[in-house]
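Computed from a predicted model, the values in this text were never measured in an experiment. Chain letters run A, B, ... following the sequence lines, proteins first and then strands; every chain starts at 1.
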Number of protein chains: 2
Amino acid sequence: MTESQYLQFSSVTEGTYHYIRNLILTGHFMPGQRLRERELTEMTGVSRTPIREALRMLEQEQLLILESRKGFRIPIPTAKEITDFYELRAELEGFAAAKATHKSDAARLIEITEALNTAEESLNNEELSQVISLNNRFHDLVAIASDNESLGDMLSKLRAKVNLFRTLSWSGRRERPIETLRQHHLIFKAIKTRNEALARSRAMDHVMDSLPLVLEGLKSIHPVGEE
Amino acid sequence: MTESQYLQFSSVTEGTYHYIRNLILTGHFMPGQRLRERELTEMTGVSRTPIREALRMLEQEQLLILESRKGFRIPIPTAKEITDFYELRAELEGFAAAKATHKSDAARLIEITEALNTAEESLNNEELSQVISLNNRFHDLVAIASDNESLGDMLSKLRAKVNLFRTLSWSGRRERPIETLRQHHLIFKAIKTRNEALARSRAMDHVMDSLPLVLEGLKSIHPVGEE
DNA sequence: TAGGCAATTGCGGTATACAATATCCCGAAT
DNA sequence: ATTCGGGATATTGTATACCGCAATTGCCTA
């Protein structure tokens, strides 16, 4: 990582936090793997102080766990944890969709429409990474449309962890973008027609739909030992 | 704070985190107030490094905000933020009650019954602080009964922030413990009779009930300047 | 040869020293 | 008298050095 990539952040700690966080979320580390402070200082070129502050932040976010006198490591999720997590996220995504049903104005609806249309185009052009990022953007926009910032923050963190599970278990495997996009359209239609109950249940089902695949992928995980 | 109080934690950083967190949650600091690292080192007797790590953790928990090169301070909540917060918490407490309807076994139900009975006794003996702590325990037990650890964690953090708002706005003012306890009984009855919809709606209403009082109290806040 | 004990080494935990930036106060000029 | 500017000071941000626990390895003994 070059110096220039840090400049967008107001401090070395912030930059280090995002740098390590990104490594975790992209599956660069394996479940159970230790993150040695020494290695991180060598990778980043910064001293241990900002590294440790960043690690503490990530621990609070539950993207890392700290075992006393043993340091930080990537958590190893169990099937139950993942299931609970998805149920929780489903509830909150459902809540966001329900609130968006009442709170979203015309401008916001247009914005979501455009995101969906662009995703459709990208799908036709087979630009898969584009599609995936626009699919994430759909959820973001719904959360924003729900007009509850705490909810938005919470969902973005939950999605980050969910993404971690996916990355860990699927490795390089792709989402089923066509089906996902179709479901997004259905959720949006319910929001647009101000059908709260339908928006909520479709959003919830949408989340729970991907759970079986993730649980299936979980079996293929081989946690690194490093006890 | 004496040395002995740190011993229950595995590191100075952990102890400092809980110490400062407790000060925040008990309303020891005013909204907008700066937490100078120097003062904290003098209060705790520990060096700046664990102080800063603890502050970073609290920032991640949104119990503090960090302005670049200006340090940490207690956030000043707006009425909208508080409202959004309560709505979010209501949704999650409702979810927890709904899940507890299915997941709670006999032992757990007995535990909750005992907590409610003890609270009742304390109320008759006019031990108010006891009642309040047992009221909090009720919510904890329901969250545990919901059998979703992520949900429990999230709710305990939300309740902490809500408590902060209450402390900030009411100062010393007491909860209406009688009415609270009555509502707890009603929620529990719905859980015990496995009436999911009723448990959910009663839990949600219970949370939203206290919002007007908090918003009223918010007007009396005088944020400290310290710009 | 196997098991246990001790010494060494590596790592995390803490404190301190140094650098950079913001804030505050006082004086001067308009 | 008020405002603007510059310097002093306080505070945050970062790096480094030190301390202590714990795990591992090797040696000694049974």
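Whole-Å rounding puts the B:Glu42 CD to D:dA10 P distance at 13 Å. Rounding to whole angstrom units, OH of residue A:Tyr17 and P of D:dT14 are separated by 16 Å. Distance, A:Glu67 CD to D:dC21 C1': 16 Å, rounded to whole Å. At whole-Å resolution of the value, CD in B:Glu53 and C1' in D:dT14 are 13 Å apart. The distance from atom CG of B:Leu40 to atom C1' of C:dA15 is 16 Å, rounded to the nearest whole Å.
Each of D:dT12, D:dA15, C:dT14 was ranked by its minimum atom distance to the side chain of B:Pro50; first place goes to C:dT14. When the nucleotides D:dT11, D:dG13, C:dC11 are ranked by their closest atom to the side chain of B:Arg36, D:dT11 comes out on top.
The shortest distance between the side-chain N/O atoms of B:Lys70 and the OP1/OP2 oxygens of C:dT23 is below 4.0 Å. One finds no side-chain N or O of A:Thr49 lying less than 4.0 angstrom from the OP1 or OP2 phosphate oxygen of D:dT14. Residue B:Arg52 places no side-chain N or O under 4.0 Å from the OP1 or OP2 atom of D:dT12. For C:dG13, the OP1/OP2 oxygens have no side-chain nitrogen or oxygen of B:Thr13 closer than 4.0 Å.
More than 12 non-hydrogen atoms from other residues, nucleotides or ligands lie less than 6.0 angstrom from CZ of A:Arg108.
Looking only at side-chain heavy atoms (C-beta outward), A:Glu91 and A:Met204 come within less than 4.5 Å of each other.
Nearest-nucleotide assignment on DNA chain D puts the 5′-proximal partner with A:Glu14, out of A:Glu14 and A:Arg69.
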